[in-house]
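Just so it is clear, the structure is predicted and the values come from calculations on it, not from any experiment.
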Amino acid sequence: WTLLYFGFTKCPDICPEELDKVTGVLKQLDERQQAIQPVFITIDPARDTPQRLKEYFKGAMLHPRFIALTGTNDEVRAACRAYRVYFTKPTEEEIRRGDYLLDHSIISYLVDPDGRFLEYFGKSLSSDEMFEKMGRVIGEWETRRWWDSVLPTWMQLEQPKATPARA
């Protein structure tokens, strides 16, 4: 299981609040033995270098399993496009000043063990609501996966045997 969040480390309020909420939810899920791999993908690769990401996540007291990713502008744009993440691009003047904010989607994306998008969780959900919804969605997926693995075998074993026709 993977939980993706797109943001940037210079975000003054929303990203830290959401990452803190996600950390709390992940810790609760850890207690249930439902381990999720949190992944942060920056939308600001110009400033969020690998070193900056490492320092940010080391000092932010977020979930210890967080993996922070960056890439080229094209790679970040492709990842954002794949999840329909909206974000603004700084102007040339803002880039020259080096101090700018980026508006962006505030959503966490749950990806199942097969690598497919399963559910999203917006800022409007409280941590309790996110925890309950994630637990339910994961439980339903795992139950469905278990039944899918058992039913074909069970159906093969339980098929009625043909009786010979009488003349």
Neighbour count >12 (heavy atoms, 6.0 Å) for atom CZ, Arg84: no
Geometric class of the Trp141/Trp1 ring pair [parallel <30°, tilted 30-60°, perpendicular >60°]: perpendicular
Carboxylate-amine/guanidinium contact Glu129 Lys133, below 4.0 Å: no
Lys/Arg-Asp/Glu bridge criterion (N-O < 4.0 Å) met for Arg97, Asp99: no
Sidechain N-carboxylate O distance under 4.0 Å for Arg96, Glu93: yes
Validation row: Leu29, Phe131 side chains within 4.5 angstrom (heavy atoms): yes
Student check: side-chain heavy atoms of Val22 and His63 closer than 4.5 Å: no
Min side-chain heavy-atom separation Ile36-Ile138 under 4.5 Å: yes
Evaluation steps, salt bridge (charged side-chain N to carboxylate O under 4.0 Å, His left out), between Arg136 and Glu132: CA-CA 6 Å; Arg136 182 175 34 80; Glu132 186 277 325; 3.3 Å; yes
pair Glu18-Ile107: side-chain heavy atoms closer than 4.5 Å: no
Polar contact flag, side-chain donor to acceptor under 3.5 angstrom, Thr70-Asp48: no
Interatomic spacing from OH in Tyr109 to OH in Tyr120 - rounded to 0.5 Å: 9.5 Å
Close side-chain approach of Tyr56 to Leu19, heavy-atom, < 4.5 Å: yes
Minimum side-chain heavy-atom gap Leu4-Val111 below 4.5 Å: yes
Leu53 side chain near Thr9 side chain, heavy-atom distance below 4.5 Å: yes
Aromatic plane relationship, Tyr83 with Phe6 - under 30° parallel, 30 to 60° tilted, over 60° perpendicular: tilted
Side chain proximity check, Arg52 to Lys10, heavy atoms < 4.5 angstrom: yes
Test of ring centre spacing under 6.0 Å for Phe66 and Phe57: yes
Heavy-atom closest pair, residues Pro45 and Gly71: CB-O, 3.1 Å
For Met130, the option from Lys21, Lys123, Gln28 that meets side chain to side chain contact (heavy atoms under 4.5 Å, CB included): Lys21
Check: Asp114 side chain, Arg116 main-chain N or O, donor-acceptor pair, under 3.5 Å: no
Residues Asp44, Arg47: salt bridge by 4.0 Å N-O rule: yes
CG on Leu110 to CG on Leu118, rounded to 0.5 Å: 5.5 Å
